[in-house]
Undergrad: 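Before we start, here is the structure in question, set down as structure tokens.
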Amino acid sequence: MTYSRITGTGGCLPERVLTNAELERMVDTSDEWIRTRTGIRERRIAAPDETTCDLAERAARQALDAAGVAPSELDLIVVATTTPDKVFPSTACLLQARLGVGGCPAFDIQAVCTGFLYGMTVVDQFIRSGTVRRALLVGAETLSRILDWTDRATCVLFGDGAGAVVLEASGEPGVLSTHIHADGAYEHLLAVDGGISQGYERVAGGNAYIRMQGNEVFRVAVNTLGSIVDETLEANGVTRDAIDWLVPHQANVRIISATAKKLKLPMDRVVVTVDVHGNTSAASVPLALDTAVRDGRVQRGQRLLLEAFGAGFTWGAAYLVY
Ligand code: ACO
């Protein structure tokens with residue numbers, strides 16, 4: 001039996017830290033409101049000339065180093081992003097050129113905050129089928145570019161960053177199952193209005209910002225994440241005792257705690273980075289994973305439950321042996 005195993009992780013955060021105190025000076029908000037409603041204390045913001053691909057490249061090189069894999073050994077490059085550098089080529093192709101390795105397939109996946117779980121599902125299928133032996137999967141975003149910095153309901157929530165993993169074919173257990181879903185009926189609750197096929201002026205004219213009915217999204221997210229973790233445990237015939245670490249999407253610490261509570265997992269078995277990263281969309285799960293790998297919490301052989309929920313709506317989970 002062939003599994004996909006994570007053999008290296010990497011992460012990249014822009015240098016610029018944006019604190020809640022600074023946001024207090026920009027919109028009608030308070031550090032207290034942001035911390036108690038979301039758990040966020042600060043987030044990182046890309047420099048004006050820093051792009052999603054710049055962050056993706058740094059995270060990717062770190063993951064490749066950690067795995068001991070040369071770029072030339074890759075059979076597949078997938079980038080999950082909602083904030084690509086260009087309409088085309090894909091950010092994955094731009095990244096491939098920077099890594100100096102033409103030839104292998106490279107493409108982007110767009111499933112907003114669930115992008116990394118969608119990407120892991122796709123990569124896992126390629127590896128299990130024997131088509132690919134070594135793949136690079138990156139979640140990278142510059143969400144700050146699509147924020148309305150006068151809208152306090154959204155601009156305090158998001159940040160920029162990238163996380164990456166190298167997945168390799170192995171006879172040892174790795175990814176045990178992935179589960180992805182979507183329900184396209186919720187565009188009215190969470191969207192960026194403006195896109196290329198609506199006419200370039202609409203984007204250039206400044207309408208392309210995140211708008212969200214936060215409290216309604218919150219309710220659906222909590223319920224949906226509750227059911228996807230059940231689905232994942234059931235599919236593997238295991239209970240919550242078979243989870244060493246929950247590595248959730250980092251949108252709001254209250255959503256994360258609700259999922260942990262549902263699983264009856266103590267918070268010291270949950271990786272939380274939303275306090276210092278904010279919501280980095282497709283980068284959030286791999287950044288959280290990389291943080292916990294690098295600080296020694298996540299150890300080889302441990303079983304991880306990854307989950308995410310985002311616009312679409314899209315949602316997904318993965319159960320794996322690290
Ligand atoms: N500072 C101060 N007050 C604020 C702020 C702010 N930054 N933002 C909103 N408020 C006010 C609102 O105007 C409202 O005031 P009112 O009662 O006078 O009308 C009050 O705070 C409560 O607003 P709610 O929206 O009900 O607050 P809630 O507790 O739901 O928290 C939040 C808002 C943090 C957005 C939460 O709903 C949330 O996390 N939602 C889910 C986000 C998510 O998971 N999104 C999916 C992934 S993102 C993606 O896919 C791109």
Side-chain angles (χ1 to χ4, degrees), residues 18-43 52 80-84 109-119 139-161 180-195 208-226 228 248-259 272-275 277-285 287-288 307-317:
L18 179 64
T19 63
N20 291 349
E22 285 172 88
L23 283 163
E24 280 179 353
R25 297 193 287 275
M26 294 162 64
V27 286
D28 180 16
T29 190
S30 67
D31 173 51
E32 205 263 335
W33 190 96
I34 302 172
R35 270 189 297 102
T36 53
R37 297 290 178 121
T38 71
I40 301 169
R41 288 189 286 117
E42 60 187 42
R43 68 291 289 144
T52 294
T81 186
T82 303
T83 46
I109 283 189
Q110 211 275 40
V112 202
C113 299
T114 318
F116 185 77
L117 271 311
Y118 269 62
E141 303 280 12
T142 45
L143 277 238
S144 61
R145 308 285 198 252
I146 51 168
L147 290 176
D148 174 354
W149 290 100
T150 65
D151 176 18
R152 68 176 184 176
T154 51
C155 75
V156 304
L157 303 174
F158 297 95
D160 300 334
I180 51 173
H181 298 276
D183 185 343
Y186 292 93
E187 182 247 341
H188 59 291
L189 294 184
L190 180 52
V192 173
D193 286 324
Y209 295 129
I210 295 176
R211 60 169 175 79
M212 175 165 70
Q213 300 288 324
N215 46 11
E216 293 191 49
V217 176
F218 186 97
R219 196 172 37 78
V220 184
V222 168
N223 290 336
T224 308
L225 288 170
I228 190 89
H249 172 48
Q250 311 283 323
N252 186 318
V253 78
R254 292 188 292 137
I255 299 177
I256 295 173
S257 316
T259 310
V272 176
T273 53
V274 69
D275 53 334
H277 295 173
N279 180 347
T280 58
S281 194
S284 118
V285 171
L287 259 175
E307 46 88 335
F309 178 88
F313 290 143
T314 54
W315 61 101

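Hydrogens, waters and symmetry mates are skipped; everything else that's a heavy atom, side chains included, is used. Sequential numbering from 1 along the given sequence is applied to the chain's residues. All values reported here derive from a predicted model rather than from experimental measurement. When a ligand or atom number is given, it counts from 1 through the structure's own listing order.
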Undergrad: Restricting to ring pair (Phe, Tyr, Trp, His ring centres under 6.0 Å), what partner residues turn up for Phe218, sequence neighbours left out?
TA: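 Here no residue qualifies.
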Undergrad: Would you check ligand 1 and list the protein residues that come within less than 4.0 Å of it by any heavy atom, ordered by chain and number?
TA: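 Shell around ligand 1 (4.0 Å, heavy atoms): Asp28, Thr29, Trp33, Arg37, Thr38, Val112, Cys113, Arg152, Ala153, Val156, Leu157, Phe158, Leu190, Met212, Gly214, Asn215, Val217, Phe218, Ala251, Asn252, Arg254, Ile255, Asn279, Phe309, Gly310, Ala311.
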Undergrad: Please determine whether a side-chain nitrogen of the Lys or Arg among Glu187 and Arg211 lies less than 4.0 Å from a carboxylate oxygen of the Asp or Glu.
TA: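 Looking at Arg211 together with Glu187, the answer is yes, because their closest N to O distance falls below 4.0 Å.
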Undergrad: Who pairs with Arg37 by side-chain hydrogen bond (donor to acceptor under 3.5 Å, both in side chains), at least two apart in sequence or on another chain?
TA: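 Not a single residue meets the side-chain hydrogen bond (donor to acceptor under 3.5 Å, both in side chains) criterion with Arg37.
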Undergrad: Can you name the ring pair (Phe, Tyr, Trp, His ring centres under 6.0 Å) partners of Phe309, sequence neighbours left out?
TA: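 So Phe309 forms a ring pair (Phe, Tyr, Trp, His ring centres under 6.0 Å) with Phe313.
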Undergrad: Do Thr280 and Glu141 pair up side chain to side chain, a donor and an acceptor below 3.5 Å, judged on atom types alone?
TA: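 The criterion, which ignores hydrogens and geometry beyond distance, is not satisfied for Glu141 and Thr280.
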Undergrad: Could you tell me which non-hydrogen atom of Ile34 sits nearest to which non-hydrogen atom of Ile40, and how far apart they are?
TA: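 Nearest pair, atom of Ile34 first, then Ile40: CG2-O, 3.5 Å.
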